[in-house]
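To start, the structure itself, in structure tokens.
The figures that follow rest on heavy atoms only: side chains count, while hydrogens, waters and symmetry mates do not. Just so it is clear, the structure is predicted and the values come from calculations on it, not from any experiment.
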Amino acid sequence: MTEDHSASSQGARSVIGWPLIILMGIGFFADLALIVLLLGVGGPVIEGTASVETGAIIAWAIALAISIFAPVFSLRQWKRGRRDLAIAGVWLPILGLIAGAVFAM
């Protein structure tokens with residue numbers, strides 16, 4: 001009887017897992033796009049004139065580091081079974097970009 005119960009719970013997990021897998025995949029592609037954007041903007045920031053402040057370079061480097069390490073952290077959490085932390089971690093850089101854009105206006 002316990003085998004039937006575990007089989008039904010496994011089926012329930014697989015149904016719930018697909019939206020999370022899709023959400024993680026979209027988050028990974030969004031993080032990749034953000035990394036490409038930061039690297040594209042990084043050339044003018046780093047090679048800029050003397051008017052570029054050190055704070056801008058530091059902020060760019062921190063944003064790039066978070067954008068690279070957040071998906072790595074999320075993948076580790078996903079493999080450990082912490083789906084909630086994985087989803088939050090993979091979307092952290094994107095939500096930070098949105099918040100920065102909103103508060104900069």
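Taking CD from Gln77 and CD1 from Ile87, the interatomic distance works out to 12.0 Å, rounded to the nearest 0.5 Å. Rounding to the nearest 0.5 Å gives a distance of 12.5 Å between CZ of Phe73 and CD1 of Ile66. Here the CG-CZ distance, from Leu23 to Phe28, works out to 11.0 Å after rounding to the nearest 0.5 Å. Put simply, CG on Leu38 and CG on Asp31 are 10.5 Å apart, with the number rounded to the nearest 0.5 Å. Expressed to the nearest 0.5 Å, how far CG of Leu39 lies from CG of Leu34 amounts to 9.5 Å. For the atom pair CH2 of Trp78 and CG of Leu20, the computed distance is 5.0 Å after rounding to the nearest 0.5 Å.
Across every non-hydrogen atom of Ser67 and Pro71, the tightest pair is O-CD, 3.1 Å. Of all the heavy atoms in Gly89 and Ala70, the pair that sits closest is O-CB, 3.4 Å.
Leu85 and Phe69 end up in different hydrophobic clusters when Ile, Leu, Val, Met, Phe, Trp and Tyr side chains are linked at under 4.5 Å. Under the 4.5 Å side-chain heavy-atom criterion for Ile, Leu, Val, Met, Phe, Trp and Tyr, Ile21 and Trp91 are members of the same hydrophobic cluster. In the hydrophobic clustering of this structure, Leu97 groups with Val102; members are Ile, Leu, Val, Met, Phe, Trp, Tyr whose side-chain heavy atoms approach within less than 4.5 Å, directly or through other members. In the hydrophobic cluster analysis, where Ile, Leu, Val, Met, Phe, Trp and Tyr join through side-chain heavy atoms closer than 4.5 angstrom, Val90 is grouped apart from Leu32. Follow the hydrophobic side-chain contacts under 4.5 Å out from Val36 and you never reach Val72; the two are in separate clusters.
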